[in-house]
Undergrad: 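Right, I'll just put the structure down here and ask away after.
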Amino acid sequence: YPMRSLLARVVALSLIASPLLAQEGEAAGGSVNLLSPSTGLMAWTLIIFAIVFVVLAKFAFNDLKAKKVAILKDIQQDYSVGLADSFVKYFTAHGGTIVRDQKYSSGDKEFRAQLTSIKGANPDAVFVPGYYGEVPLIGKQAKLLGLKVPLLGGDGWVDDSLLKVAGDALDGSFISAHFSMEDKNPVVQDFVRKFRARFQGDPNDMAALGYDSAMILAAAIKRAGTTDGAKLRDAIAATKNHPGVTGSITIDAQRNASKPAVIMAIAKGARVSMICSYEIAFTDKAGRSWEAGLLVARTGEAIERIEDLT
């Protein structure tokens with residue numbers, strides 16, 4: 001059981017919610033440490049994914065030149081509500097207008113009333129922070145109604161089954177994500193080649209994040225020369241410009257991972273190309289940490305300083 005022994009000494013690190021995991025390790029007296037590329041604890045996950053969606057809002061405003069956007073969110077999912085709030089906060093702070101804010105509930109099958117209202121507002125794009133259960137239906141019904149503007153989504157869309165169900169209904173839409181196999185970076189291409197050879201399939205975002213987490217850990221162990229919990233924690237915290245599959249990763253003073261997010265286009269029922277990459281930062285221009293606002297993520301008030309991002 002050497003792996004259990006090693007994992008018992010691993011410091012808390014998450015590319016999505018490292019501060020919370022770090023606090024959990026400290027609460028246990030530092031004896032239990034955790035390595036994770038993600039976490040299901042939504043109050044913290046929201047803030048990090050929200051920053052990814054700030055990237056999407058920035059892309060919509062700057063690159064798509066969208067000035068009017070409609071929102072279609074799942075009111076039963078904190079994920080969807082929180083990300084919609086973060087998108088709206090950034091988009092409106094930079095001069096954009098939200099022309100409709102429509103809602104649905106998980107499990108719904110009918111979206112034509114909301115989409116008809118959205119179409120009547122003549123938006124330049126529609127932000128749909130949803131999951132695979134509803135997004136294909138939304139795309140198909142939008143197409144039937146003649147709504148021809150791009151739909152915008154995030155990691156909840158990054159699923160091959162979603163695109164298979166949607167067919168060509170989401171063509172012309174855009175996704176923000178952590179990773180793209182289209183990235184020509186040799187680090188990415190080497191990872192994709194080896195993953196395919198080992199698992200006979202394509203890696204997704206979580207595979208890439210998990211790999212980066214493991215490689216950051218391995219590099220930290222090498223630098224520390226030990227698996228001692230406290231020394232390993234410090235070594236991971238000192239990570240700077242790690243050449244990860246998901247981009248260059250730096251752990252900041254609050255033990256957050258600053259890294260890029262990518263924007264991908266959908267065409268012919270598949271994610272076909274990486275459009276651009278934006279850096280994700282966890283500190284605003286004044287040098288203030290995001291940590292103070294994280295615990296109110298569920299109420300939609302977590303991103304009070306979203307306009308400070310550049």
Side-chain angles (χ1 to χ4, degrees), residues 2-26 28 30 32-42 44-49 51-52 154-155 158 176-181 183 185-196 198-199 201-262 277 279-282 290-291 294:
M3 182 58 71
R4 288 187 183 179
S5 177
L6 172 60
L7 289 177
R9 299 189 181 109
V10 172
V11 68
L13 168 70
S14 172
L15 297 181
I16 294 179
S18 55
L20 180 60
L21 296 175
Q23 288 184 7
E24 288 177 341
E26 290 164 1
V32 178
N33 300 301
L34 176 65
L35 174 68
S36 173
S38 181
T39 178
L41 296 169
M42 186 58 69
W44 289 78
T45 314
L46 273 175
I47 185 72
I48 309 307
F49 281 128
I51 296 173
V52 175
D155 68 291
V158 182
S176 65
H178 298 278
F179 158 76
S180 171
M181 292 187 297
D183 192 335
N185 185 326
V187 173
V188 175
Q189 292 306 307
D190 184 59
F191 168 72
V192 172
R193 178 180 59 80
K194 291 179 178 178
F195 188 96
R196 285 171 170 168
R198 178 72 179 272
F199 300 105
D202 291 335
N204 59 18
D205 281 33
M206 291 309 300
L209 288 168
Y211 179 83
D212 281 348
S213 296
M215 293 301 100
I216 287 174
L217 172 62
I221 292 173
K222 184 176 181 179
R223 290 195 304 272
T226 179
T227 57
D228 174 76
K231 292 180 180 178
L232 186 53
R233 177 195 62 214
D234 292 343
I236 292 177
T239 298
K240 303 292 182 186
N241 301 317
H242 174 81
V245 173
T246 61
S248 178
I249 301 167
T250 293
I251 308 299
D252 68 16
Q254 287 74 42
R255 284 176 281 178
N256 293 304
S258 292
K259 56 179 290 298
V262 300
S277 176
E279 189 70 22
I280 304 173
F282 290 88
W290 286 84
E291 188 172 358
L294 296 180

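Only this structure's heavy atoms are used, side chains among them; waters, hydrogens and symmetry mates stay out.
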Undergrad: Could you report the tightest heavy-atom contact between Phe191 and Pro203, atom names first, then the distance?
TA: CE2-CB, 3.6 Å

Undergrad: Any side-chain to backbone donor/acceptor pair from Ser248 onto Pro243? Under 3.5 Å, distance only.
TA: no

Undergrad: Is it the case that over 12 heavy atoms from other parts of the model lie below 6.0 angstrom from the NZ atom of Lys240?
TA: yes

Undergrad: Distance check, rounded to the nearest 0.5 Å: Thr246 atom OG1 versus Asp212 atom CG?
TA: 4.0 Å

Undergrad: Identify the heavy atoms of Asp205 and Ala177 that sit nearest to each other, and give their distance.
TA: OD2-CB, 3.3 Å

Undergrad: Can you tell me how far CG of Leu232 sits from CD1 of Ile221, rounded to the nearest 0.5 angstrom?
TA: 5.5 Å

Undergrad: Between Met181 and Gln189, which heavy-atom pair has the shortest distance, and what is it?
TA: O-NE2, 2.9 Å

Undergrad: State which residues pass side-chain hydrogen bond (donor to acceptor under 3.5 Å, both in side chains) with Asn185; sequence neighbours excluded, sorted by chain then number.
TA: none

Undergrad: What is the minimum heavy-atom distance between Ala224 and Ala235, and which atoms define it?
TA: CB-CB, 3.9 Å

Undergrad: Quick one: salt bridge (Lys or Arg N to Asp or Glu O under 4.0 Å) partners of Arg223, sequence neighbours excluded?
TA: none

Undergrad: Would you compute the distance between atom CZ of Phe199 and atom NZ of Lys194 and round it to the nearest 0.5 angstrom?
TA: 12.5 Å

Undergrad: Sequence neighbours left out, what passes side-chain hydrogen bond (donor to acceptor under 3.5 Å, both in side chains) with Arg193? Give chain and number order.
TA: Asp190

Undergrad: Minimum heavy-atom separation for Ile249 and Thr239, please, with both atom names.
TA: O-CG2, 3.8 Å

Undergrad: Of all the heavy-atom pairs spanning Phe179 and Asn204, show the shortest one and how long it is.
TA: CD2-O, 3.9 Å

Undergrad: Got a second to check how far Thr250's OG1 is from His242's NE2, nearest 0.5 Å?
TA: 10.5 Å

Undergrad: Any donor-acceptor pair under 3.5 Å linking the side chain of Asp183 with the backbone of Val188?
TA: no

